[in-house]
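Every heavy atom of this structure was used, including side-chain atoms; hydrogens, water molecules and symmetry mates were not. Naming convention: chains lettered A, B, ... in sequence-line order (proteins, then strands); numbering from 1 in each chain.
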4 protein chains.
Amino acid sequence: MTEESGQFSPPTPKGRSTRERIKQAATELFAERGYANVRITDITTAADLSPGAFYRYFDDRRELMLELIREVLAEAYEFARSPMDEQSLITSVLVTTRRYFEFYEQHRALFGLMLELTQTDAEVAEVWFETQRSFYVRISRSLQRGAQRGLVRDDLDTEVAAQLLGSMSEFYAYQRFVLGSEALLKFSVDEAARSLAEVWVNGVGAHDAKADA
Amino acid sequence: MTEESGQFSPPTPKGRSTRERIKQAATELFAERGYANVRITDITTAADLSPGAFYRYFDDRRELMLELIREVLAEAYEFARSPMDEQSLITSVLVTTRRYFEFYEQHRALFGLMLELTQTDAEVAEVWFETQRSFYVRISRSLQRGAQRGLVRDDLDTEVAAQLLGSMSEFYAYQRFVLGSEALLKFSVDEAARSLAEVWVNGVGAHDAKADA
Amino acid sequence: MTEESGQFSPPTPKGRSTRERIKQAATELFAERGYANVRITDITTAADLSPGAFYRYFDDRRELMLELIREVLAEAYEFARSPMDEQSLITSVLVTTRRYFEFYEQHRALFGLMLELTQTDAEVAEVWFETQRSFYVRISRSLQRGAQRGLVRDDLDTEVAAQLLGSMSEFYAYQRFVLGSEALLKFSVDEAARSLAEVWVNGVGAHDAKADA
Amino acid sequence: MTEESGQFSPPTPKGRSTRERIKQAATELFAERGYANVRITDITTAADLSPGAFYRYFDDRRELMLELIREVLAEAYEFARSPMDEQSLITSVLVTTRRYFEFYEQHRALFGLMLELTQTDAEVAEVWFETQRSFYVRISRSLQRGAQRGLVRDDLDTEVAAQLLGSMSEFYAYQRFVLGSEALLKFSVDEAARSLAEVWVNGVGAHDAKADA
DNA sequence: TATGAATGAGTGTTCATTCAT
DNA sequence: GATGAATGAACACTCATTCAT
């Protein structure tokens with residue numbers, strides 16, 4: 001009656017599978033119609049359940065949504081913390097970018113959800129920012145290492161640069177995988193990843209720029 | 001019965017001012033709470049009107065929202081079409097970026113609205129994409145001119161590059177001005193603009209990269 | 001301010017013409033969509049007026065409707081009181097029926113209105129019943145005269161017969177002119193009138209029926 | 001999204017009984033006040049339900065109304081198709097008329113509803129016309145058989161006659177049972193039925209009319 | 001005489017949520 | 001664990017009506 005902390009863990013296998021079915025159904029529906037346009041009964045119907053069943057597993061739609069987002073961001077966080085390959089800068093960036101795009105595409109439903117809700121839901125914003133931070137930190141560190149080895153301009157503010165470069169990847173992925181922006185579809189994901197790596201590496205690389213000649 | 005297309009144009013000054021008041025109130029409320037959390041009566045109350053008054057001027061909340069977004073994007077479109085200064089590449093990018101950030105900050109309420117809704121509302125997506133396209137075209141052309149003058153690498157795919165660079169600016173602006181992301185606030189807008197211009201120019205500039213040495 | 005009895009009589013010619021325009025527009029709209037589906041603004045729009053103008057001439061929609069119905073029924077009442085031709089019974093009935101159908105067709109909009117509203121509006125029912133009564137009286141008297149001359153069965157209850165015969169004409173007219181019932185359209189109005197007169201005259205006529213032989 | 005055609009069929013007995021309660025309550029209210037003056041909350045209140053419950057069983061007021069009318073007309077249709085007694089013409093007509101009046105009186109609420117709405121609702125008109133058609137066909141056939149046996153004038157257009165005679169019965173019933181027209185109440189239903197049968201039989205019977213002597 | 005802006009009560013409808021079965 | 005009936009607050013939207021201009 002009065003238990004209200006944390007998420008409900010069903011004791012039986014049947015219960016656990018039902019809970020998963022709800023999450024699965026919700027993910028698909030959110031992707032199709034957006035959070036605002038999905039009713040709880042839509043979810044239960046899609047999961048082949050009665051309306052009442054929902055409340056055995058979640059308090060409300062928001063709780064379910066938060067759980068979904070937390071899960072994907074936790075995975076992304078791990079992803080961001082995995083060791084960076086000690087290859088050449090451009091290869092390294094390329095590999096990372098490709099993996100990132102793969103991950104983003106696979107979870108596009110939830111990334112879309114996140115972007116629909118960050119402005120409105122402080123908790124969504126918070127978990128997202130936290131994950132971003134870990135990405136930015138990772139990029140920033142990588143840039144610092146590059147600077148030490150003379151591969152990266154040493155006058156570069158690695159923090160801002162990391163934010164900018166991260167933004168570029170994330171927004172490109174958002175537009176491509178979530179919005180399906182036609183303009184971007186002219187090029188393959190791989191071409192985009194390659195261009196991105198080039199711009200990135202050049203953007204921060206040490207060299208004799210002629211740009212302002 | 002008969003399709004009423006286009007928007008209602010009040011014949012009297014009083015009507016016109018009321019219509020504007022509604023738009024103003026709505027913009028503010030959308031910014032504060034997000035589209036999904038604003039009721040029509042919230043808008044009319046904020047505009048000091050009775051609920052019914054809304055429907056004299058708009059069919060529904062969506063129509064109003066679309067008009068707001070269309071307007072700001074039309075302005076942005078003009079902005080994107082204004083001639084690019086024939087200065088040095090980096091100065092040019094810097095100036096443009098600053099102006100873009102200014103514009104974005106000033107209209108952050110509506111850009112936020114747009115990002116909340118693109119996934120859900122096809123018409124929002126469409127007008128936004130169209131505006132983006134004009135930005136991308138502009139950037140792309142500018143890169144081509146740069147390549148002809150030897151300022152920009154000639155092996156660069158200017159279209160993808162334009163999309164990537166545009167993405168970087170837009171998402172940075174979104175995170176900074178709409179979400180108010182703390183991580184970004186460590187640096188001033190001007191620093192960000194400067195870094196962005198540098199990364200950008202270097203990213204595409206002709207030079208002797210040492211990155212892969 | 002406090003004048004509230006009877007209907008408003010506009011002092012100026014312009015006012016009078018506007019009042020008529022409203023009545024005209026209302027009649028047409030009621031015919032097209034039925035009373036329940038006509039808004040006051042529909043009427044004023046059709047009459048090329050602003051919503052407020054309506055209230056200069058009528059208290060509300062019901063008052064206007066009642067006036068329209070009263071007018072047509074007053075005319076019908078006069079029609080019912082006009083002297084019956086002293087011709088042969090069948091010719092007389094035929095002529096009357098034809099005239100009745102003509103009148104009904106011409107005013108089908110208002111007869112339809114009446115039938116939509118009698119169940120609901122006691123005043124409509126009352127004025128209609130009164131008019132019917134005068135029709136029934138007339139038919140009844142005519143039957144009595146016929147009986148005196150040996151043209152009509154003398155065992156006939158002329159009152160009930162009058163009601164039945166009146167019902168037949170009125171409902172036929174309603175179905176044909178108001179509802180436009182397709183089934184009835186197979187025959188011309190004239191054929192229907194002729195058949196009606198025959199059935200009628202035979203139905204009440206003195207004769208040696210073989211029906212129950 | 002997907003068109004939900006047909007009516008909702010509650011899976012449990014409780015649901016079925018609630019659905020019936022709504023229909024019952026609606027029928028009574030429509031009879032009392034007319035369709036236009038019955039709110040959905042009036043119905044749910046009368047059925048001892050909350051407003052929302054209505055929508056579990058019906059899409060809107062119109063759907064409910066259509067179902068009620070369809071049901072009564074389906075029953076009437078069966079009634080009209082039941083075999084005609086092979087008695088003397090007048091007895092046969094009398095018996096049928098009495099049964100028809102009984103049926104009409106019993107369902108006066110819905111016949112009233114029908115007449116309020118035929119002008120406005122094309123679907124109501126359609127189902128009504130169809131039922132009428134079956135009545136007319138039946139009368140027409142009966143007249144044809146009578147003509148073959150010499151009981152009915154052979155110069156009679158049985159189709160028009162059937163329409164006229166049907167109209168007479170139907171409208172009489174409408175005025176008497178739905179409107180409760182005072183003028184008609186002077187005579188008992190039985191007297192009316194008898195007179196109607198007489199007029200009817202004489203109206204179409206073979207005989208030596210003196211009417212035009 | 002006419003306009004059109006504004007009102008606000010009234011109503012239909014949705015949907016998260018509860019609960020008896 | 002699951003159902004589905006029922007609730008009722010919330011909200012969108014309509015439209016008769018008033019009134020300053």
Exercise for the section: Report yes if the side chains of B:F58 and B:K23 come closer than 4.5 Å at any heavy-atom pair, otherwise no. Expected result: yes
Handout entry: Length of the CZ-P vector between B:R33 and F:dC11, whole Å
Key = 10 Å
Problem - C:M65 and C:V124, any side-chain heavy atoms less than 4.5 Å apart - result: yes
Problem - 5' priority, DNA chain F, between D:P10 and A:Y57 [closest heavy atom] - result: A:Y57
Problem - A:E67 and A:R70 ion-paired at < 4.0 Å - result: no
Handout entry: N or O in side chain of C:T12 less than 4.0 angstrom from E:dT1 OP1/OP2
Key = yes
Handout entry: Distance (rounded to the nearest 0.5 Å) between D:T45 OG1 and D:F54 CZ
Key = 12.5 Å
Exercise for the section: Just call it for C:F58: base, sugar-phosphate, or nothing, with non-hydrogen atoms closer than 4.0 Å on any strand. Expected result: nothing
Problem - Note, D:Y35 side chain near D:R61 side chain (heavy atom, < 4.5 Å) - result: yes
Practice task
Starting from C1' on E:dT14, measure out to CG on D:D60 and report it in whole angstrom.
Solution key: 14 Å
Handout entry: Close approaches to DNA chain E from residues 14-22 of chain C, in residue order (heavy atom, under 4.0 Å)
Key = C:K14, C:T18
Practice task
Just call it for C:P11: base, sugar-phosphate, or nothing, with non-hydrogen atoms closer than 4.0 Å on any strand.
Solution key: sugar-phosphate
Problem - Sidechain-backbone polar pair: B:R16 side chain, B:P10 backbone, donor-acceptor under 3.5 Å - result: yes
Practice task
Flag the pair D:D121 and D:R62 as a salt bridge only when some basic side-chain nitrogen lies within less than 4.0 angstrom of an acidic carboxylate oxygen.
Solution key: yes
Problem - Rounded interatomic separation in angstrom, taking CD from C:E63 and C1' from F:dA16 - result: 14 Å
Problem - Integer-rounded Å distance: F:dA16 C1' and C:Y35 OH - result: 11 Å
Fill in the blank from the handout: Under a 4.0 Å heavy-atom cutoff, the residues of residues 36-55 of chain B touching DNA chain E are B:L49, B:S50, B:G52, B:A53
Handout entry: B:E116 side chain vs B:G34 backbone, donor-acceptor pair below 3.5 Å
Key = no
Problem - Side-chain ion pair, C:D42 and C:R33, N-O less than 4.0 Å - result: yes
Exercise for the section: Check every strand shown and say whether D:R61 touches a base, only sugar-phosphate, or nothing at a heavy-atom separation below 4.0 Å. Expected result: nothing
Problem - Per-nucleotide pairing state of DNA chain E [Watson-Crick or G-U, under 3.5 Å; [ ] pseudoknot-crossing; | other strand] - result: .||||||||||||||||||||
Practice task
Decide yes or no for A:D59 and A:F8: does some side-chain heavy atom of the first lie under 4.5 Å from some side-chain heavy atom of the second?
Solution key: no
Practice task
Rounded to the nearest 0.5 Å, what's the gap from CD on D:E123 to CG on D:L117? Could you check?
Solution key: 12.0 Å
